[in-house]
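Down below is the structure, laid out as structure tokens.
Values below: every heavy atom of this structure, side chains too, minus hydrogens, waters and symmetry copies.
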Amino acid sequence: MTDMHNPGQRTWFITGTSSGFGRILTEKLLVRGDRVAATLRKPGVLEDLKAEHGERLWIASMDLTDIAAVKATVDRAFAEFGRIDVVVSNAAYGLFGAGEEVTSEQIRHQIDTNLIGSIELIRASLPHLRKQGGGRILQVSSEGGQIAYPNFSLYHATKWGIEGFVESVAQEVAPFGIDITLVEPGPTKTDFGRGLVAAEPMAVYDDTPAGAVRRGMADGSFAVSGDPVKMADAMIVAAEQEKAPKRLVLGTSSYFSIRAALQERLAELEAHKAVTLAME
């Protein structure tokens, strides 16, 4: 596979393409004529798209917890396509349980996948993007990168962590023509809920905010209203804007939740202003 393609055609590298945002983005981009390097843990899931779109869809099996495989897969995709315009770091999952309930093994896997895996994907992409003179990275975070729900403490730790990493790296690589956008969807009608890994619940948390969230997820009262198709469209538009947004908040609930959290944080800062400024 070479880089001799339609000048108007863009090439994308997307992780987590078996379902959710990854699958929707892959479908939309192929339909409009772009090329996609799609990674997932079970490659057979995309065979229907491969049969329809042929060489414009490149598929590789990749587990984000395997750092060597992440680098090798990214290197191979850039080598075979010649150029990749947009890297979408999308693969992640949720660990569902209070901080005391989750096991050390669950914590390790959550961090290895969502945080370290995403960091290594970006690190593996940067040398190629620099060499080709620039490009875009979309890091799919969450409203949970700026706010926090009880019972998702480790998931939030990874999303707040990747946001800090991206905030810093975006400044480091801007001189090379590389722009990074943090995408922050709210609760969305994808397979995220079905993919949750749940800790063994402790009865002591039943009557706490963590228990309330558990019950809300179980009985459907935890509101999930975001349209993943509209959000995928917004991601594509953001990736093609001349000036990349630093953050892209998606969904009504995420807008109001993040706005309220930022206002509360600012009020807390101002409330302790006298003490803060007296430290010099």
Side-chain angles (χ1 to χ4, degrees), residues 1 3 5-62 64 73-74 77-78 80-93 118 121-122 125 129 134-143 179-195 224-245 247-252 254:
M1 195 174 289
D3 195 30
H5 64 282
N6 184 333
Q9 181 185 60
R10 296 171 73 83
T11 304
W12 303 64
F13 183 102
I14 307 174
T15 64
T17 55
S18 62
S19 63
F21 290 127
R23 170 81 189 207
I24 296 169
L25 284 168
T26 299
E27 291 176 351
K28 284 180 169 291
L29 294 167
L30 290 170
V31 165
R32 77 176 198 170
D34 285 355
R35 305 185 301 175
V36 178
T39 74
L40 66 172
R41 287 182 297 168
K42 299 177 181 178
V45 175
L46 296 182
E47 284 308 310
D48 59 325
L49 296 182
K50 183 66 175 176
E52 183 177 356
H53 299 285
E55 285 196 354
R56 285 195 295 108
L57 176 60
W58 182 94
I59 303 172
S61 175
M62 189 181 78
L64 279 178
T73 303
V74 170
F78 272 91
E80 295 192 23
F81 272 124
R83 177 183 178 88
I84 292 175
D85 301 289
V86 185
V87 175
V88 183
S89 176
N90 167 68
Y93 74 97
S118 297
L121 175 70
I122 291 172
S125 302
L129 295 174
R136 293 288 176 90
I137 299 173
L138 298 184
Q139 173 61 57
V140 179
S141 177
S142 163
E143 67 168 7
D179 295 314
I180 313 180
T181 296
L182 284 160
V183 181
E184 298 173 334
T188 308
K189 296 176 182 177
T190 63
D191 294 329
F192 179 81
R194 286 193 289 274
V224 178
S225 59
D227 184 334
V229 175
K230 290 181 179 179
M231 292 183 182
D233 286 335
M235 291 182 207
I236 294 170
V237 170
E240 296 180 337
Q241 289 177 354
E242 183 175 349
K243 182 174 175 57
R247 279 183 166 80
L248 180 66
V249 177
L250 299 174
T252 303
S254 56

- Do the side chains of I122 and V87 get nearer than 4.5 Å, heavy atoms only? no
- Quick one: are K28 and V229 in side-chain contact, heavy atoms under 4.5 Å? yes
- Message: Return the CD to CZ distance between Q9 and R56, rounded to the nearest 0.5 Å.
- Response: 6.5 Å
- Message: Using 0.5 Å steps for rounding, measure from the NE2 atom of H53 to the OG1 atom of T26.
- Response: 10.0 Å
- Query: Side chain of T181, backbone of A244: donor and acceptor closer than 3.5 Å?
  - Reply: no
- Message: Run L248 and L138 through side chain to side chain contact (heavy atoms under 4.5 Å, CB included) and show every step you take.
- Response: CA-CA 10 Å; L248 180 66; L138 298 184; over 6 Å; no
- d(L46 CG, R23 CZ) to nearest 0.5 Å is 5.5 Å
- Provide the closest heavy-atom pair for P185 versus F21 in the form atom of the first, atom of the second, distance. CG-CE1, 3.8 Å
- Query: Can S89 and Q139 be counted as having a side-chain donor-acceptor contact under 3.5 angstrom?
  - Reply: yes
- Item | Nearest-0.5 Å distance, CZ of residue R136 to CG of residue D85 | 10.5 Å
- Expected output: side-chain T17 to main-chain T39 donor-acceptor under 3.5 Å: yes
- Can you find a heavy atom in the side chain of F13 that is under 4.5 Å from one in the side chain of L121? yes
- For L57 and A38 the tightest heavy-atom approach is CD1-CB, 3.9 Å
- Task: Using a 4.5 Å cut-off on heavy atoms from C-beta on, say whether the side chain of D48 contacts that of E52.
- Result: no
- Task: Compare all side-chain heavy atoms of V249 with those of E143 and state whether any distance is below 4.5 angstrom.
- Result: no
- Euclidean distance, N90 CG relative to L25 CG, rounded to 0.5 Å: 7.0 Å
- So, for S141 and L182, which heavy atoms are closest and what is the spacing to 0.1 Å? CB-CD2, 4.2 Å
- Task: Mind checking the CD1-CE spacing from I236 to M231? Nearest 0.5 Å is all I need.
- Result: 14.0 Å
- Considering only NZ, NE, NH1 and NH2 on the basic side and carboxylate oxygens on the acidic side, decide whether D233 and R32 come within less than 4.0 Å. no
- State, to 0.1 Å, how close A232 and I24 come at their nearest heavy-atom pair, and which atoms those are. CB-CG2, 3.6 Å
- Note on the structure: Scanning both residues in full, the closest heavy-atom pair of A37 with F81 reads CB-CE1, 3.6 Å
- Task: Of all the heavy-atom pairs spanning V88 and W12, show the shortest one and how long it is.
- Result: CG2-CE3, 3.9 Å
- Test log, rule side chain to side chain contact (heavy atoms under 4.5 Å, CB included), inputs I59 and L40: CA-CA 8 Å; I59 303 172; L40 66 172; 3.8 Å; yes
